[in-house]
Structures are given as C-alpha cells and as structure tokens.
K.L.:
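Just passing along the structure, written as structure tokens.
Note on naming: letters A, B, ... go to the chains in the order of the sequence lines (proteins, then strands), and numbering restarts at 1 for each one.
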Amino acid sequence: MELPKAYDPKEAEERWYAFWESHHYFDGNVNAQKKPFAIVIPPPNVTGELHIGHALNNTLQDIVTRYKRMDGFEACWFPGTDHASIAVHVLIEKGLAKRQLDDLLHEIGYPVPADKRPLTRFDLGREYFVKLGWAWKNRYGSKIREQLRALGCSCDWRRESFTLDEPRSRAVTEVFVRLYEEGFIYRGDRLINWCPRCQTVLSDLEVEREESEGQLYYIRYPLAQGEGFVTVATTRPETMLGDTGIAVHPKDGRYQELIGKFVILPLLEREIPIIADEAVDKDFGTGAVKVTPGHDQTDFEIGRRHGLKIINIFNTDATTNENAGPYKNLDRFEARRRVVEALKAQGLLERVEKHTHAVGHCQRCQTVIEPLISTQWFVRMKELAEPAIKVIESGEIQFIPERWTKVYFDWMRNIRDWPISRQLWWGHRIPAWHCLDCKAITVARQAPSVCSTCHSQNIKQDEDVLDTWFSSALWPFSVMGWPAETPELKYFYPTQLLSTGHDIIFFWVARMIMMGLHFMKKIPFERVFFHPIVKDEHGQKMSKSKGNVMDPLQMKEKYGMDALRLTLAALCAQGKEMRLSVQDIEGYKKFLNKLWNAARFVLMTSPSEGRGGIGEGGPLEDRWIRSRLTRAILQTRASLDRYEFNQAAKGLYDFVWHDFCDWYLEMAKTRLYGSDPAAKAQAQSVLLSVLADIVKLLHPFIPFITEEIWQRLPHKTAESVMIAEYPKAHPEWIDEQAEQTMQKLQALITAIRTIRSEMNVPPQKRAKVLIKAEDPSVQQVVHEYKVFFEELAQASEVIVGPSVERPKSAPRMVLEWAEVFVPLEGLLDLQQEHRRLRQELKEAQAGLEATLRKLDNPNFLARAPEEVIEKEKHKAQEFREKVERLEQNLQLLQGS
RNA sequence: GGGCGCUUAGCUCAGCGGGAGAGCGUCCGCCUUACACGCGGAAGGCCAGAGGUUCGAAUCCUCUAGCGCCCACCA
C-alpha cells in the first residue's frame, strides 16, 4: 500500500475524529476489569474562544489520556464548560449597552426598543436577562466544544457538563444547604470589595492590584481644645468625610499627650477622638492616620477594636451620599477634587506629595474597587482548609512542579472567609428565602411555601447569585452525578490528574481540594500538573490589545493540528512560561513531513501483505535499531509518567529522525535493493515493526497523522491506533555491543564524510579510503560493513589494518582509535590541514591533562566510585592515543 | 514588605553532581530513485558575577547584580 506524496492534515483530521467518535473510542465506562484513569477538564468559559493556553492544557490532557488508554487503563476524560457568572454577566451588559444583542433579544421575545439607546439589565429585568444568558450560551457555548474537537481531544462527550445545568445546579444547592446547616455558611456585614460598575461584591482574588502613581495629601485636623492640629497623610482625601477617628502608634513619643483627646474633622466640623493602635506605622507619613472604618480594611479593624462609628459616605455606584453633607451626589473623584479645594482654601492642606501605591481594580471591568460595608454570604474557610493542607503535606496529592505547594500553603494557612454572594443575575441563585414579616431566613433545597420560623407566606428568594468558583469547586464530583451515588463516582473518583495553570491555584485548585475532602471524604485528584504560561517569542503575555495572540485554529489551518500539538508538547518544560513562535510550529511541521515520508518509504518498499515482526538477532543494524527503539520506549514512558512532555517529545523526535531515518533506513536500503530475497524480507519486516511502534509511541502527541499512517499498515493489530497497545519495552533488546559497534561505524563514516565535504569532493564521486587501526574489532567493523562505507560514504575501496601506510599529503581525520585518510588527486591545502590538526591536538591534550589531573589526585582515587575511576582511566587512554596519532600525523605533514 | 522563578551558542530554550546539548539562524557542498518540509559537513559557549561544599560543580549552598512573576490592610 502506498501513501500519497504529501499528507493533507485538513482532510485527515476531520475524517479521523469522526471515525474515532463513531467507534466510541472516547467513551470511558465503569469497567471492573480495568483500572480507571480519569481526568476532569478545567471547564473553559462559555464566553470564550479557544486560545493558545487552552490548546496547551488540553493537548497535555489529551496526550496523557490517550497514553493511558493505550496502556490498558479505562480512560475517561470528562468535558464541560463553565457558566462564568460575572464574566458572562459583564459581557452581556456591555452587549446590551452597545445594542449588539438585539437579535438574541428578539429570539427570547423581548420587545426591543426601536431606537438605539443603550440598554441596561434593569431595562430587561431579571427574567429576560437570564433568558438572554441562556440564549447567548446556546449560540456561543458550542463553539468552544467544537474547538476542543478540532484539537483532537478524546473527551467522553456523552458526559459533557455545564456548571449551570440542572444536575450541577442540584449539586450546588446541596452543598450550599449542607454548609449552611453545618454552620460553615453565614450571612454578615463586612467591609468588602465593591465594584461600582458591576454593582457587586468581589472576593479578594477577583481584585487585581496595580501599582500607579498617586498623591499623598497631608491634611491638618485642628485640635478640639487648645491650639494646634494633627496632620495626617492620606491618598484618598475624600474619604475624610467618613472619618470617625485619628490613630497613632501607642509608642509614638510625638503623640503621647494627644491620645484620648479630640480633633475637629474639617469641612464637616465633627468631633472625633485620637486613639492609639498598633496597626499604625510610625514611619509612614506623619505617623498619624485618619480612620475611615467604612471605606478601608485597616481602618475597619482599627475602628472595631476601638468602638468607632462606621459612616458610609458612598452609594453603590460610588457617588457620595447624604453622609457627605455639602459634598453629596458627587462622583468619588469629583468629591476628591472638591474636598481638596476646600481644604486648601481653609489652609488645612499642608502639602501634597507624589506617591505610588497599589490600587485595586475589578478583574472583569478594571473599575477601581471601593471598599464598602455590606451584608453578604460568606463561607468560613479555616476549618475546611486544615485537612486540605494536610493532604498536600502528606503527599497524598502531589503538585508538579512541587514548588507550587509553597504558594498553596502560604495562602491556605492565612485563608480568610470567602464572600460567595454576588449581586448579579447570571449564575446559581442562592437557595435562601427571606421572610418579609419576621425577617428570618430559610435555607432549603426547594423553594419553601412558608417561612420556616413564622410560617408566613410572605417570603422572597434571596436576590444574589453565587460566585462562579463555587460551582467550579464541586466540579470533580458534580460531573460524576453527585449528590446521587452513581457508579461513576465510585469508579472514577478520585481522578488521577488535574492539569491547569498556576494562576487559578487559589480560585480553583484549593477550593476543589477543600470541597472534595469535605463532601466526598476523599481527595479529588491524585496529582496536579501546573503547565507553563504561554508567552510570545519575546516573553510578552499574549493579549488581544497587544495584537500578539496566536489563534490555535489559525495554526491548524496553516500547519495542521498535529504540528501545533507536537510543538506545544515539545516546548512544555516544567518552567513557569513557554515562549512560542510560528517558527517553532514550522519546525515541528517538518518533522511530521519527515515521519510521513519515512512511512511512505517503508510502505512503498514493503509487500502489501507484509507481516512485520521485529525478530531476533539479524545483522548489526537490526540489533542496533531494536536496542535504540527499546531505549526510546523506556524514555518516552518514563517522561510521560513524570509529565516531562518536552523530554518525551524530543526523545521520539531524535529517535525517529536521527536513528531511524538517518541511519536505519539508509542502511536497510542495502538489503531492500539487494538481491538476497531473505535478507530483503527480513529488512522489510523490521522496518514495518519499528514503524508501527513509532506510530504508536507518537500517537498521543500527533493523533491524526499517526492514524492516517496506521490505517495503511498491512499488519496493523487494531482497527485504530487509538486502541492499539502502547509499546512495552523488552529490556533484553538492549544490545550494548551492537550500539558500540554501530557507534564506531558511524564515527568512521562521519569522518570520511567530513573529509570529503571539507575537500569539496563531489557527492557522486567515489573515493578510496584508508583506515589505520590496531584494534582488531575496529578492523572487523570495516571488513564486515564495507558495504556501508560504499553506500553511505561513497567509498570506492576501503583498506584497513594496523600498518596501513599514512599517505604524506592526504586529508585526514584522527579518532581515538583510528586514523582515516582519503587520498585525493589534486592539491591539499597543507597549511589548513596543519592548522586543523594542531587545533585538535590542543583539545586532545587539554582533555588528557584534565583527566590525568584527576587520576593523579589521591583523593579522587580514594573517594570517587570505582566505575568513575575506570571511566577516567579509559578516557585517559583514549586521549593519549589520540594525542599520539595527531602528533605522528603532524610530523608526517611537516616532512612532506 | 514578604515569597518564587529566570540569567547556558546570534535567537528560543533543554540539561540540574562525573567528558558543554537541541531547534532555528549563519557558512560550505549537494535536486543521491522516502522526504529540498530534504541530504551531508562546518563554525559558534571563561553555562550572569563572587565566595563556599565536594575527589569532582553549568548542576548543591550563600551572597551580589539584572530581568520577570505572585502575595500583602503602610494610610
């Protein structure tokens, strides 16, 4: 059977994916006969499009899944998507504002206004807004699924989940109710991060701090009694309107007498106390700080310690409220200007300094966060975190690379309560009902008809939805049907691997571990692999605004998905980032072409009924390739087991290209084109066998092209390479002797090629070769494999022996154990030859000296392991011989 | 303010206790009947700097410098 001259990825990829799926190869079933291997996908956002980071992470998961499936495990990869509460909510709001969603609005039956004025969610109301969310999801949510399929992901699509679908919502409700009943969930007033644009609370993790240049204002607060004032420094002068105290450090000598006294708050003329608190830094600013418990985390705590009043001066849109007195109804930044102006006018603004500080921004819309007091739902985390810390400490869950455990521990050991309510509409609505009569709260799995406390029917469901990460935290068991006790849960939980980016170690990984341990009483996964972050070739983060994003589907279009997958795997070292450029992909595309052509060659020269069979013994090249193949299998498996994808991919790359193609194929040609039918058959059979193993070894990395080749193999052992057995190493095939002999052969042939190349001998032109070697085994190599000297080095004749006469003026290569001469007609550039030999002599001498220095060192002899000493001795001998040979050759050259 | 990571050939990076590696790029030859997405050959490096541990360090430890990331309630 022959292969077409070129491989066409576009056509083949689609065809084989459909083939696999229709044959149910992706399905993972409860199967007591096999060990399970499960991966739960980090669910991409429905809003999203597959970016290069997805391509990387899902390629890695697919590689592992395919490897394990071929290796005899019942592999199951659970796919799904995330409803991405706030992200989608914000996107829809923006779409409404820009009136880009009119067609969806029509679709859901919303009376779309004829004019083009911006719409808000309040125009729609909650019901239409949620409908719109689903319409959006139905239109765009399938896109990412199609993209994962284009990647080649072997997910069990029957098991696809969505974090907001009915079964997952049931899990969310169940968890909420249980945590509430167990006392982990509570409702309370806290100072929280408020996004004035999104109009919702955010967790600390959703606030991104950005260094920016601001100003530090020094403001004078006159003393209530007597002369003078206290000067405080602040970056937010407008919040003074909410000040209820001034704080100094208890040990600050400058302010001792003022502690317990009062100042007059400028502008509002309120009398507020001076208190002492450890939280104050004596060395910052003036050492005195204004205290605004309503709008600053530190101040909130200081205020609580000292019983200070809390005054909230902002509305939820960050405009000032009536507490701001004459400054009410102003945007916070406008309020700042006015306050500063007024202070200046009253001579209370001492000075203004430049000051860089970190300002919190909303992760989704970049708006500056406003700390506000608000009533929210929280999860008490400390107790949940403790067991989750233990399972990492004990190694029950392993992080790879291990260093991420430190990051995890630091966060977990200082964990704070998790605000889980969000004032949004797209998400899981909190299963709590407020009684409008008695104010009691009923938390229940289903909507109650009456208040559980006073039995009033006047109840209303809580307006808030849950943080999107709440449902993600349950993902490893919710995708398996929890809270029902399904066979899948029993069989596939805990999963074996979680592959993700380190950027969501707190958001997601930590919370899954806590929830898994709490509700399943078992870890959710055995290992977590943190893949590197993909950057562009300059180390810049890929982002749309920078215009340096790489679209995986565009790469597929251009190079084929296998090329992208192989590139991602080959570059995936266990560092923090990976730099990727199209040149890399082009390079690995070439490897695919190489593989294709090697397969084409093998199939072209094999009979269509070829059986394969790697056999035993046989000529050197057969024993050698078997040995090399064995090493490749061992290395690939070991690397994959350690998630060293780069090592696995590069090992195979080298084996295929440099062992199989460069040497074995070339050497096999002698037999393939020769006249001995038995030898020919033997070569064909080994070629087919090695090719089959190569295809299997590579399949997890490059599934499409390997299937395309597999299907043409006359001796394929399975109807798809996907379900063929992953090659197992036969350690007895390691043949040190064959490898050593081969190394000598390669060195001699390379030496001849080097001479010929440097002398500009035309490739077709055959030339005589002289080899001087005393070692009988070297002589034997030359005698026995003369044919390869002819075929691979264009030798017309090879003469070898201990007393081969050195030609006076022939170009030469000096090896440790042989000298190679190619006598040529015409003139040899003696000076150049001289220079080259001198250079080599210098290097050999340096090597010899370094080795002897070790061997002369009694400490070395006393302490180094036996084998190392042996090796050094051997090295010394080789260097010595080489030096000797070089010296002789130089002498001869001088004489001529 | 804490913590983490990186610094190896022109570029991008592997290697992480025993003779400096790859890909790309560069240079020189070749359309040799699998492949010019190719074949053969070559040049190119005090492995950031300084100490230390060791018989032996690019590799382990300490410090320094530069770059990058993460966390944190100095207003």
K.L.:
Which of the following nucleotides, B:A34, B:G41, B:G23, is nearest to the side chain of A:T750?
P.N.:
B:G41
K.L.:
Side chain of A:H355: nearest nucleotide among B:A75, B:C37, B:C73?
P.N.:
B:A75
K.L.:
For A:F591, answer base if it contacts any base atom (sugar-phosphate contacts may also be present), sugar-phosphate if it contacts only those atoms, and nothing otherwise; contact means non-hydrogen atoms under 4.0 Å.
P.N.:
nothing
K.L.:
Which nucleotide in the list B:A42, B:C28, B:G18 gets nearest to the side chain of A:P865?
P.N.:
B:G18
K.L.:
Do the rings of A:F399 and A:F530 sit parallel, tilted or perpendicular, given the 30° and 60° boundaries?
P.N.:
perpendicular
K.L.:
Consider the side chain of A:T234, meaning its heavy atoms from C-beta on, and name the nucleotide among B:G3, B:C39, B:A75 that approaches it most closely.
P.N.:
B:A75
K.L.:
Expressed as a whole number of angstroms, how long is the span from A:Q363:CD to B:C71:P?
P.N.:
10 Å
K.L.:
Using the six-membered ring wherever Trp is involved, compare the ring planes of A:F284 and A:H355 and label them parallel, tilted or perpendicular (cut-offs 30° and 60°).
P.N.:
perpendicular
K.L.:
Which part of the nucleic acid, if any, lies within reach of A:K871 when heavy atoms closer than 4.0 Å are counted: base, sugar-phosphate only, or nothing?
P.N.:
sugar-phosphate
K.L.:
Could you go through A:E370 and A:R236, starting from their C-alpha distance and side-chain angles, then the distance that decides it, and tell me whether this counts as salt bridge (charged side-chain N to carboxylate O under 4.0 Å, His left out)?
P.N.:
CA-CA 11 Å; A:E370 194 58 53; A:R236 298 200 59 191; 2.8 Å; yes
K.L.:
What's the CD-C1' distance between A:E210 and B:C69, to the nearest Å?
P.N.:
15 Å
K.L.:
Rounded to the nearest angstrom, tell me the gap between atom CD in A:E301 and atom C1' in B:A72.
P.N.:
13 Å
K.L.:
Distance check needed: B:G18 P versus A:L861 CG, whole Å only.
P.N.:
19 Å
K.L.:
Taking only heavy atoms on the protein side, list every residue of residues 644-652 of chain A lying under 4.0 Å from any atom of RNA chain B, sorted numerically.
P.N.:
A:N646, A:Q647
K.L.:
With under 30° as parallel and over 60° as perpendicular, where do the rings of A:F660 and A:Y664 fit, or are they tilted in between?
P.N.:
parallel
K.L.:
Expressed as a whole number of angstroms, how long is the span from A:L592:CG to B:A34:C1'?
P.N.:
15 Å
K.L.:
Just checking A:V289: base, sugar-phosphate only, or nothing, at a heavy-atom cut-off of under 4.0 Å?
P.N.:
base
K.L.:
Which nucleotide in the set B:C28, B:C35, B:U12 lies at the smallest distance from any side-chain heavy atom of A:R579?
P.N.:
B:U12
K.L.:
Rounded to whole angstrom units, what separation is found between the CH2 atom of A:W657 and the P atom of B:A36?
P.N.:
12 Å
K.L.:
Rounding to a whole Å, what distance do you find between A:K535:NZ and B:G68:C1'?
P.N.:
7 Å
K.L.:
Find the partner of B:C4: check Watson-Crick (N1-N3 plus N6-O4 or O6-N4) and G-U wobble (N1-O2, O6-N3) distances, both under 3.5 Å, and reply none if neither fits.
P.N.:
B:G68
K.L.:
Would you mind telling me which of B:A34, B:G38, B:A42 lies closest to the side-chain atoms of A:C661?
P.N.:
B:A34
K.L.:
Pick base, sugar-phosphate or nothing for A:E878, based on heavy-atom distances below 4.0 Å to the nucleic acid.
P.N.:
base
K.L.:
Could you check whether A:K541 gets within reach of a base, just the sugar-phosphate, or nothing at all, counting any heavy atom under 4.0 Å?
P.N.:
nothing
K.L.:
Let's test this: given Watson-Crick or G-U wobble pairing with both distances under 3.5 Å, identify the partner of B:A9.
P.N.:
none
K.L.:
Return the nearest nucleotide to the side chain of A:D662; candidates are B:C39, B:G41, B:A34.
P.N.:
B:C39
K.L.:
In terms of ring plane angle, is the pair A:Y653 and A:Y588 parallel, tilted or perpendicular, where the classes change at 30° and 60°?
P.N.:
perpendicular
K.L.:
Could you check whether any side-chain heavy atom of A:I709 comes within less than 4.5 Å of a side-chain heavy atom of A:F704, counting everything from C-beta outward?
P.N.:
no
K.L.:
Check A:R336, A:R332, A:K290 against A:E238 for a salt bridge (Lys or Arg N to Asp or Glu O under 4.0 Å) and give me the one that passes.
P.N.:
A:R336
K.L.:
Just how far, in rounded Å, is C1' of B:G1 from NE2 of A:H357?
P.N.:
17 Å
K.L.:
Using only heavy-atom distances, determine whether the side chains of A:K873 and A:T851 contain a donor-acceptor pair under 3.5 Å.
P.N.:
no
